[in-house]
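Read through the structure below, which is laid out as structure tokens, and then see the notes.
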Amino acid sequence: MTVITRFAPSPTGFLHIGGARTALFNWLFARHHAGKFYLRIEDTDRKRSTKQAIKAITDGLQWLGLSWDGDEIFQSENQERHVKIAKILLDQDLAYPCYCSPNELAEMREQARAKGLQPRYDGRWRDRDPAEAPPGVKPSIRFKAPKDGATVIHDSVQGCVEVDNQQLDDMIILRADGTPTYMLSVVVDDHDMGVTNVIRGDDHLTNAFRQTQLYRALGWDEPTFAHVPLIHGSDGTKMSKRHGSLAINAYQEMGFLPSALRNYLLRLGWSHGDEEIIDTDKAIEWFDLQDVGRAPSRFDYNKLESLNGHYLRELKDDQAVDLIEPDLSDRLRHKLTEEQQNRLHAGIAGLKPRAKTLVQLAENSFFYIAPRPINIESKAAKFLDDNAKAYLLELANELQDVTDWNKENIENLIREFANSRTLKLGLVAQPLRASLTGMTVSPSIFEVMVALGRFETLARLRDL
RNA sequence: GUCCCCAUCGUCUAGUGGCCCAGGACAUCGGCCUCUCACGCCGAAAACGGGGGUUCGAGUCCCCCUGGGGACGCCA
């Protein structure tokens, strides 16, 4: 049997970090088993679903590199089918109309809570003659859930979990306006799509029991469930839009790489021995639901950053330049000239290990393309007193005559220059760095000079 | 409140009864490298929530407590 998974977000907001991990796990599981991974947009709540949210979700998945099979599926398009199934349940006396008003229900819940019971529907219309229905009230349709015994699920992550059927009330499957509810729609769609493994957040665990009852009532095979623990914010509670969880594109804007985010998310709740750096091929090869932990985890920005630094260093020089070029030309407010691109390509290798994010990489490389005279940070300016400026000018004159402008020659000349004046190398290098980069921190100053080229180097020195 | 789930360094985790006076990674703190800062390398500090069992032996199994989380919608 081919494995079929699905990611089923509701388009009421952006794709956040928890959703992204759920999608990743579904994707990984399907790819590992050479199965299918579908995207189903759960847009049955038309009031809250938006086009922007759908786009944010698909863009986010694409950016993360999680490609789904076939076209995305819109749950709202299957409504007729959902209603049809509800009718079948009704015909088979597995569902019934309920004429309770929302107020009545609220009261019921309140009373149950007061008595220390789980707030739930008491089933008052379950066996009542519909002839007693109050006039003019459209009923909702409720599923006739088993009253005795217990429902057990064998969850790939949570193991064997059992709940007393008394805890589960008769859920609404069709609203008073005739539209299907989530609980019905998921079951029907998952069945119709042939979903074999439902991998989703832990917050759905209790739903799994109700859904299981529905599968059984319908005589359908149940999928295997896998409820993955949630990702918590730094305070240890569920992440939400107002609480620590950012849209996936926020991570993109902060300069994170999809590869880093995938690796990070994978290791949050899943492990493979002591492995930390896991590329996507390895992830597909190793991923298994058995290795997903049962405890919730907290989001750790530092670790993400560290991983990002790793993947940044692994980038080919050309790729790295391509990735920061849009940012750079924004700062410049024009496209990069060929000369600027050349300097970047020459300097990028020295820049990569010094950045954790693309944003930092762009920031740190700006000095290469900055128009003269370059801006000198105040901390850097402190290195440029009159004394320093004087010997920097002398140095410029010596540099002018270097026959072959390469790192070795430049370094030799500068070391010799410092030696002859009994200056420590740092006393020359720091002012040099300040005048050439405008900063106190940069890659090796000799590399910088090579990347800048002789003309620009001398010009910057003489700008002082 | 009721039900369900969870519990190893600050964080993510390894650990499936003896290999663990608990290993890795991030972060932290030292050191090396060194023209600055990173990278890299070396090293340090840092955890099995508590109490009962079971067993020759428990981080690993059972029970209780405590703590945390999630679910209890005509939302998904």
Side-chain angles (χ1 to χ4, degrees), chain A residues 8-12 42-45 47-49 75 98 100-102 105-106 109 112-121 138-142 155 157-159 161-164 166-169 171-177 179 181-183 185-186 201-207 209 227 229-230 232 234 236-238 264 267-277 293-307 309-310 313 350-356 364 380 383 411 414-415 418 424-430 432-434 437 439-446 448:
Chain A
S10 62
T12 53
E42 310 241 314
D43 57 347
T44 49
D45 186 347
K47 273 172 262 160
R48 296 201 301 154
S49 300
Q75 187 159 66
C98 168
C100 282
S101 68
L105 259 16
R109 275 192 282 273
R113 209 180 278 268
K115 272 192 256 173
L117 298 171
Q118 179 156 20
R120 64 196 215 279
Y121 177 64
K138 288 229 164 114
S140 57
I141 304 300
R142 286 184 184 268
D155 192 286
V157 172
Q158 304 293 336
V161 192
E162 176 177 336
V163 156
D164 241 356
Q166 287 178 357
Q167 292 296 324
L168 275 13
D169 63 1
M171 64 189 158
I172 290 179
I173 53 176
L174 236 41
R175 300 186 185 96
D177 67 2
T179 58
T181 60
Y182 161 79
M183 215 59 83
S185 299
V186 244
D202 216 354
D203 49 345
H204 281 284
L205 184 61
T206 50
N207 292 336
F209 295 98
H227 290 92
L230 303 176
H232 286 166
S234 46
T237 62
K238 185 179 178 179
Y264 177 69
R267 282 289 288 105
L268 213 50
W270 176 90
S271 61
H272 186 81
D274 283 341
E275 301 288 342
E276 296 287 349
I277 304 290
R294 279 126 306 186
S297 48
R298 298 187 188 204
F299 189 83
D300 182 5
Y301 189 86
N302 278 327
K303 192 146 183 180
L304 206 212
E305 236 188 14
S306 149
L307 240 16
H310 168 84
R313 271 171 258 137
L351 258 4
K352 282 189 302 186
R354 275 165 249 258
K356 295 258 190 269
N364 297 346
F383 286 101
E411 182 164 350
I414 291 173
R415 284 185 187 277
K424 283 191 163 180
L425 183 58
L427 288 177
V428 179
Q430 276 307 78
L432 204 46
R433 186 179 331 273
T437 69
M439 304 181 292
T440 55
V441 169
S442 85
S444 154
I445 197 59
F446 311 118
V448 167

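All values derive from a computational prediction rather than experimental measurement. Per chain, numbering begins at 1; letters A, B, ... match sequence-line order.
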What interatomic distance, in whole Å, is found between P of B:U60 and the corresponding atom of B:G18? 12 Å
If only atom types and distance count, is the side chain of A:Thr440 paired as donor or acceptor with the main-chain N or O of A:Ala380 below 3.5 Å? no
A:Val161 has a side chain; which of B:A14, B:C72, B:C5 sits nearest to it? B:C5
By the Watson-Crick or G-U definition, both distances under 3.5 Å, B:C20 is matched with none
Euclidean distance, atom CZ of residue A:Arg113 to atom P of B:G1 [Å, nearest integer]: 11 Å
Where along nucleotides 26-40 of chain B does protein come under 4.0 Å, by heavy atom, of base (B) or sugar-phosphate alone (S), with - for untouched nucleotides? SS-------BBBBSS
Between B:A76 and B:C63, how many Å separate the two P atoms, rounded to a whole number? 38 Å
Just compare B:C6, B:G23, B:U13 and give me whichever is closest to any side-chain atom of A:Asp274. B:G23
Regarding A:Leu105, tell me which of base, sugar-phosphate or nothing describes its non-hydrogen contacts under 4.0 Å with the strands shown. base
From CG of A:Asp164 over to C1' of B:A71, roughly how many Å is that when rounded to an integer? 16 Å
Expected output: side-chain A:Gln158 to main-chain A:His227 donor-acceptor under 3.5 Å: yes
Of all the choices, B:C3, B:A76, B:A14, which nucleotide is nearest to the side chain of A:Ser271 once you look at every atom? B:A14
For A:Pro139 and for A:His272, find the nucleotide of RNA chain B with the closest heavy atom, then tell me which residue's nucleotide is more 5'. A:His272
Under the criterion side chain to side chain contact (heavy atoms under 4.5 Å, CB included), I'd like the reasoning laid out for A:Met439 against A:Arg433: C-alpha separation, chi angles, the key distance, then a yes or no. CA-CA 7 Å; A:Met439 304 181 292; A:Arg433 186 179 331 273; 5.9 Å; no
Using atom C1' in both nucleotides, what's the gap between B:C48 and B:A71 to the nearest angstrom? 29 Å
A:Gln118 CD - B:G70 P separation (whole Å): 16 Å
In Watson-Crick or G-U wobble terms, with both distances under 3.5 Å, the base opposite B:A58 is none
For A:Phe209, all residues meeting ring-ring contact (aromatic ring centres under 6.0 Å, His included), sequence neighbours excluded: none
Answer yes or no: is there a donor N or O on one side and an acceptor on the other, between the side chain of A:Arg313 and the main chain of A:Lys356, under 3.5 Å? no
Rounding to an integer number of angstrom, what distance separates B:A46 and B:G53 when you compare their P atoms? 30 Å
Whole-angstrom distance between B:A22 and B:C9, as gauged at atom C1': 10 Å
Using a cut-off of strictly less than 4.0 Å, decide whether A:Arg109 has a side-chain nitrogen or oxygen near OP1 or OP2 of B:G73. yes
Give the rounded distance in Å between these two atoms: CG of A:Asn207 and C1' of B:C72. 10 Å
Nearest-neighbour nucleotide for the A:Arg298 side chain, B:G1, B:U11, B:A76 considered: B:U11
Would you mind classifying the nucleic acid contact of A:Glu305 as base, sugar-phosphate or nothing, using non-hydrogen atoms under 4.0 angstrom? nothing
Just checking A:Ala176: base, sugar-phosphate only, or nothing, at a heavy-atom cut-off of under 4.0 Å? base
Please check if the side chain of A:Asp202 supplies one atom and the backbone of A:Leu230 the other of a donor-acceptor pair under 3.5 Å. no
Between B:G70 (P) and A:Gln167 (CD): distance, integer Å: 19 Å
Would the distance check show the side chain of A:Asp177 and the main-chain N or O of A:Thr179 forming a donor-acceptor pair, the cut-off being under 3.5 Å? yes
Considering Watson-Crick and G-U wobble pairs with both distances under 3.5 Å, what does B:U34 pair with? none
Can you check whether A:Asn302's main-chain N or O pairs, donor with acceptor, with A:Ser306's side chain at less than 3.5 Å? no
Sort out the partner of B:G73 for me: Watson-Crick or G-U wobble, both distances under 3.5 Å, none otherwise. none
So what does A:Gly269 touch, heavy atoms closer than 4.0 Å: a base, only the sugar-phosphate, or nothing? sugar-phosphate
For A:Arg109, check side-chain contact (heavy atoms from CB on, under 4.5 Å) against everything at least two apart and list the hits. A:Leu105, A:Pro119
Do A:Tyr264 and A:Tyr301 have their ring centres less than 6.0 Å from each other? no
What is the nucleic acid contact for A:Glu276, judged by heavy atoms within less than 4.0 Å: base, sugar-phosphate only, or nothing? base
note: A:Leu307, atom CG; B:U11, atom C1'; distance rounded to Å ~ 14 Å
Can you check whether A:His204 stacks with the B:A76 base, using ring centres under 5.5 Å and planes within 30°? yes
Same-atom distance (P) from B:C64 to B:G73, integer angstrom: 28 Å
What integer number of Å spans the C1' atoms of B:G10 and B:C5? 24 Å
Describe the nucleic acid contact of A:His227 in one word from base, sugar-phosphate, nothing, applying a heavy-atom distance below 4.0 Å. nothing
A:Leu230 CG to B:C4 P, straight-line distance once rounded to whole Å: 18 Å
Please work out if A:Thr44 contacts a base, only the sugar-phosphate, or nothing of the nucleic acid, heavy-atom cut-off 4.0 Å. sugar-phosphate
Across the strands shown, which category fits A:Leu205 at heavy-atom distances under 4.0 angstrom: base, sugar-phosphate, nothing? sugar-phosphate
Atom CH2 of A:Trp270 and atom C1' of B:G15 are separated, to the nearest Å, by 16 Å
State the pairing partner of B:C26; accept Watson-Crick or G-U wobble contacts with both distances under 3.5 Å, and report none otherwise. B:G10
Distance between C1' atoms of B:G24 and B:A47 (Å, rounded): 14 Å
Counting the atoms with a prime plus P, OP1 and OP2 as sugar-phosphate, which does A:Cys100 contact under 4.0 Å by heavy atoms, base, sugar-phosphate, or nothing? base
